[in-house]
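Below is one structure, written out as structure tokens; comments come after it.
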There are 4 protein chains.
Amino acid sequence: MSEQAIQQDETLRGWLKTVIGKPSFEWFIIGLIFLNAIILGLETDKDLHASYGSLFSAIDRLILSVFVCELLAKFYVNKWQMFKDPWSVFDLFVVGVALVPATGHLSVLRSLRILRILRLISAVPSMRRVVTGLLNAIPGMGSVAALLLLILYVSSVMATQLFGGAFPEQFGTLSASIFTLVQIMTMEGWADISGPVMDKFSYAWIFFLVYMLVTSFAVLNLFIGIIVDAMQTEALVPLQAHEEEIVDDQTREIMTELAAIKDEIRELKKS
Amino acid sequence: MSEQAIQQDETLRGWLKTVIGKPSFEWFIIGLIFLNAIILGLETDKDLHASYGSLFSAIDRLILSVFVCELLAKFYVNKWQMFKDPWSVFDLFVVGVALVPATGHLSVLRSLRILRILRLISAVPSMRRVVTGLLNAIPGMGSVAALLLLILYVSSVMATQLFGGAFPEQFGTLSASIFTLVQIMTMEGWADISGPVMDKFSYAWIFFLVYMLVTSFAVLNLFIGIIVDAMQTEALVPLQAHEEEIVDDQTREIMTELAAIKDEIRELKKS
Amino acid sequence: MSEQAIQQDETLRGWLKTVIGKPSFEWFIIGLIFLNAIILGLETDKDLHASYGSLFSAIDRLILSVFVCELLAKFYVNKWQMFKDPWSVFDLFVVGVALVPATGHLSVLRSLRILRILRLISAVPSMRRVVTGLLNAIPGMGSVAALLLLILYVSSVMATQLFGGAFPEQFGTLSASIFTLVQIMTMEGWADISGPVMDKFSYAWIFFLVYMLVTSFAVLNLFIGIIVDAMQTEALVPLQAHEEEIVDDQTREIMTELAAIKDEIRELKKS
Amino acid sequence: MSEQAIQQDETLRGWLKTVIGKPSFEWFIIGLIFLNAIILGLETDKDLHASYGSLFSAIDRLILSVFVCELLAKFYVNKWQMFKDPWSVFDLFVVGVALVPATGHLSVLRSLRILRILRLISAVPSMRRVVTGLLNAIPGMGSVAALLLLILYVSSVMATQLFGGAFPEQFGTLSASIFTLVQIMTMEGWADISGPVMDKFSYAWIFFLVYMLVTSFAVLNLFIGIIVDAMQTEALVPLQAHEEEIVDDQTREIMTELAAIKDEIRELKKS
């Protein structure tokens with residue numbers, strides 16, 4: 001590349017960086033996301049789809065191309081640094097999904113276009129903070145969640161072997177048992193499921209009682225873990241920091257006074 | 001207005017202010033609200049309505065006119081200042097609703113008369129405090145609530161496109177999908193809804209699993225946010241204030257002693 | 001009463017007091033309560049009732065008479081002081097219920113005999129503490145509970161007027177509406193109730209949405225109030241007391257040292 | 001035993017101890033548990049069971065024998081000390097279950113083989129910590145749980161006597177009543193159960209209202225107890241320990257300074 005070309009390139013990059021960084025540009029993108037959300041929502045209406053389908057399609061494609069341009073511009077500015085920011089990767093993914101050709105039976109892929117609306121999360125700082133907060137809470141749940149999955153798996157295998165023959169619909173296969181036991185875990189219709197099983201197998205109440213007690217207790221502790229963590233991070237740690245500061249201040253005050261006394265005594269000594 | 005008229009006006013205003021401010025008057029209004037609640041409750045009974053309908057109507061109108069007079073008196077006393085107090089505006093609204101002529105198909109407006117009973121909230125200080133507390137907790141929920149709405153909208157559009165054709169009753173229109181997904185969010189009958197969908201679409205379990213995990217987790221964090229906030233405001237901040245006071249007191253005690261020592265040393269120097 | 005009789009009376013009272021206060025006597029009563037619980041449980045079995053009904057009846061009456069004697073003895077010892085202890089009044093009530101003649105249609109009264117088993121609460125100290133704790137938490141819930149009741153009443157009157165005509169089973173009378181709205185408040189089958197109503201009345205979703213949001217939010221705050229209170233009483237207040245003690249100790253240590261320094265300076269002065 | 005045999009024995013024990021303690025051996029066992037979980041899961045599929053049943057059986061028996069050998073080795077190393085570690089007893093139990101001959105109708109015992117997968121809990125330290133944490137929370141729940149059981153029993157006996165005749169399916173026997181009332185306690189379908197009963201017995205709403213209020217309140221307090229406990233142990237106690245340290249440090253600093261001042265005064269005295 002000639003020196004001139006490099007300079008032009010730099011100028012363009014600087015100009016793009018300024019444009020992308022402008023609040024008005026961010027608001028423009030947020031506005032487009034909202035417009036896109038409305039368009040995709042209206043498109044679900046059959047009548048509107050029949051009358052204005054092609055218009056909706058055109059606007060959708062227009063907005064999509066703006067998004068693609070925006071991401072290209074961001075890539076041009078930040079180069080591969082862009083992939084270090086998880087939110088940019090997220091944007092790339094939800095926009096990129098719409099570019100995958102959705103032919104034939106891949107109507108599922110078409111419906112994923114709406115995921116683009118989730119760009120609102122990365123575009124609005126307060127939403128980004130909330131989601132970051134939520135994601136940070138996940139690692140702390142790891143062990144209890146693994147325990148729950150283990151209990152669910154063990155119980156499902158057991159339920160399939162014990163009740164699968166008599167209740168094929170609920171416990172016939174491992175996946176059916178998992179579905180049924182997740183349902184019982186959420187306390188949704190547990191009595192309608194376990195009632196007939198208990199009528200048939202006299203010992204079944206032990207299985208259901210143990211399963212329900214253990215899983216509710218584990219779920220409860222999952223919640224408590226999150227509550228205690230949130231309390232720690234958001235309330236107790238700042239509180240403590242503030243208190244330490246106060247104690248520090250008071251001690252410093254006393255120490256200054258003590259130093260003054262020391263000086264007086266030294267003066268006394270000299271005299 | 002002549003000077004005499006102004007003076008008369010002032011006298012009336014002062015007298016009204018005294019009357020309205022009296023606890024006995026407040027109790028009288030509270031009593032009327034209770035009476036009104038009973039009347040409006042009894043009126044829902046068809047037999048009683050047939051026998052005593054006109055009596056109930058008369059008492060209701062009488063109570064309404066007392067409320068109107070009270071509000072007029074308050075306006076006469078406080079003038080436009082009244083509109084600065086949100087509780088007065090609330091009172092004006094719930095009383096005013098009954099004055100809108102409810103003719104023809106506007107039976108909905110008639111049924112809004114019962115809202116007048118909510119004046120109990122503005123009339124009883126402890127209720128007012130509770131509602132103020134509840135309202136204060138709302139802003140802190142903003143971001144998570146917005147996130148939940150976003151997830152609900154995106155999931156509803158997606159569900160309408162994916163399952164709308166096969167399950168028109170649950171997912172046929174966007175509003176039907178929103179209703180169904182709110183229902184699933186509350187864990188009410190989720191298995192009866194998602195079961196058939198999963199049987200038809202083998203990949204549907206991913207949709208429902210992700211949706212239920214994400215929304216329950218968001219709802220949980222909404223709750224935790226409120227709990228942490230309440231703990232902060234009601235327990236930790238007063239605790240800290242009290243502790244700071246103690247540390248302050250102790251430091252002051254030490255500082256006084258130090259000052260005394262300093263004085264002694266100075267005396268020593270002089271001698 | 002002759003002096004001798006008084007003295008005999010005093011001796012008897014002293015002896016009874018010793019007997020009642022003995023741990024072995026308390027264990028005997030707890031054992032009887034358990035035995036009574038088993039008897040009353042077995043009696044619900046039709047076959048056992050047919051075969052051993054009279055035996056069960058005899059044992060039940062025997063245990064009842066022991067309880068009556070115990071309460072008479074307690075009254076003899078403590079006189080009217082007994083009625084100042086709420087647990088004794090509770091005992092009197094649950095035992096007394098069985099003494100009311102249950103003839104004719106009063107089978108309800110007969111079934112209240114089982115309440116006697118609740119004496120276990122007053123007999124076991126740790127149970128008594130738990131129940132006292134639960135009761136202490138109630139006053140703090142007062143305002144929010146009153147608000148909930150108010151919202152429930154207002155919503156029920158409104159629902160009766162709006163939907164009573166079209167859905168007589170759910171909203172036909174005020175009591176039916178209250179039952180239905182309590183059901184919706186617990187999120188139990190809310191979709192099955194509100195779905196048809198929304199199909200008929202297009203504006204009904206506003207009513208249900210507002211009702212569900214407001215009541216869940218109020219219930220949540222009821223819970224949070226109890227949590228914050230419990231945290232206060234059981235965790236934060238003792239924590240603070242302990243911390244104050246430490247700060248006090250440290251300050252005292254410093255003050256002692258300061259007093260010693262003062263003494264030294266004074267000695268210095270004298271010399 | 002000859003001296004040589006003892007020495008050989010010691011050598012073997014030392015070698016086994018080293019092998020068992022190796023991380024690679026622990027990972028090998030964890031891998032076997034996972035493999036076993038997959039095998040037992042696949043076995044629930046009828047087609048796979050028909051085709052590869054004997055292969056699955058063989059692998060299962062092989063893994064079982066490895067587990068048995070591992071436990072024998074552990075016993076050889078630790079002798080009876082092994083029974084002091086609850087996790088080893090747990091391992092012994094879940095592995096031992098598979099060794100009980102499961103003939104005839106004892107298919108229940110066969111299905112207990114899957115419990116072996118729970119060894120994952122004792123094999124993975126973080127799982128062990130979670131389960132230990134959960135178990136530690138149980139004693140604190142004792143009193144409230146006992147109260148709940150008492151209320152459930154009393155209510156069930158009462159419901160059987162009152163409603164058993166009219167609603168044999170729900171309240172016909174004591175065990176049916178307990179099942180129904182547990183169901184109502186979880187708020188699952190409570191309205192469908194209590195509705196008809198209230199239609200038949202006009203006073204039944206008192207029973208259900210009191211029962212539901214009391215049990216939800218008790219369950220809520222059970223949860224709160226666990227939350228407060230967890231907050232105590234995991235957040236407040238460490239917080240306090242840290243704060244005490246800080247106050248201690250500050251006081252020590254002040255005390256050092258005071259000692260220095262004292263020394264200076266003493267020097268002054270001497271001079």
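Every chain is numbered from 1 and lettered A, B, ... according to where its sequence line falls, protein lines coming before strand lines.
Put simply, of A:Ala146, A:Ala191, A:Ser155, the one with the most heavy-atom pairs under 4.5 Å next to chain D is A:Ala191. Chosen from A:Gln232, A:Glu188, A:Gln240, the residue pairing most often with chain D at heavy-atom distances under 4.5 Å is A:Gln240. The most heavy-atom pairs under 4.5 Å with chain D, out of A:Ile227, A:Asp192, A:Leu150, come from A:Leu150. Comparing A:Gly164, A:Ser143, A:Gly142, A:Ser177 by how many heavy-atom pairs each has under 4.5 Å with chain D, the most go to A:Ser143. Counting heavy-atom pairs closer than 4.5 Å to chain D, the top-ranked of the candidates A:Asp248, A:Leu258, A:Leu236 is A:Leu258. When each of A:Ile151, A:Leu220, A:Thr173 is checked for heavy-atom pairs under 4.5 Å with chain D, A:Leu220 comes out on top.
Taking CD1 of A:Ile178 as the start and OG of A:Ser156 as the end, the distance is 4.5 Å to the nearest 0.5 Å. In this structure, the separation between NE2 on D:His49 and OG1 on D:Thr44 is 10.0 Å, given to the nearest 0.5 Å.
In this structure, A:Leu209 and A:Leu213 have side chains that are in contact, with non-hydrogen atoms separated by less than 4.5 Å. At a threshold of 4.5 Å between non-hydrogen side-chain atoms, the residues A:Val197 and A:Phe171 count as touching. Side-chain contact check for A:Trp190 versus A:Leu181: every heavy-atom pair is 4.5 Å or farther apart.
Contacts between D:Met187 and chain A at a heavy-atom distance below 4.5 Å are absent for every atom of the residue. Proximity to chain A (any heavy atom under 4.5 Å) is restricted, for D:Ile246, to the side chain, taken from C-beta onward. Only the side chain of A:Glu243 comes within contact range of chain D, judged by heavy atoms closer than 4.5 Å. Contacts of A:Asp229 with chain D are absent, with no heavy-atom separation under 4.5 Å from either backbone or side chain. Interface residue A:Leu147: backbone and side-chain heavy atoms are both found under 4.5 Å from chain D. With a threshold of 4.5 angstrom between heavy atoms, A:Tyr153 approaches chain D through side-chain atoms but not through N, CA, C or O. For a residue to count as touching a neighbouring chain, one of its non-hydrogen atoms must lie under 4.5 Å from one of that chain's; by this rule A:Ile265 touches chain D with backbone and side chain alike.
The aromatic rings of A:Phe90 and A:Trp87 sit perpendicular, their planes meeting at an angle over 60°, well past the 30° parallel limit. Between A:Phe208 and A:Phe163, the ring planes are parallel. Angles under 30° get that label, and only those over 60° would be called perpendicular.
Side chain of D:Asp60 to main chain of D:Phe56: no donor-acceptor pair is present (N/O by atom type, distance under 3.5 Å, no hydrogens or angles). A distance-only check finds no donor-acceptor pair linking the side chain of D:Ser111 to the backbone of A:Gln161 [under 3.5 Å]. At least one donor-acceptor pair under 3.5 Å links the side chain of D:Ser51 to the backbone N or O of D:Asp47.
Within residues 119-139 of chain A, no residue has any heavy atom closer than 4.5 Å to a heavy atom of chain D.
Ion pairing between D:Glu43 and D:Arg113 holds under the 4.0 Å rule for side-chain N and carboxylate O. A salt bridge is absent between A:Lys262 and D:Asp263: the closest approach of a Lys/Arg side-chain nitrogen to an acidic carboxylate oxygen does not fall below 4.0 angstrom.
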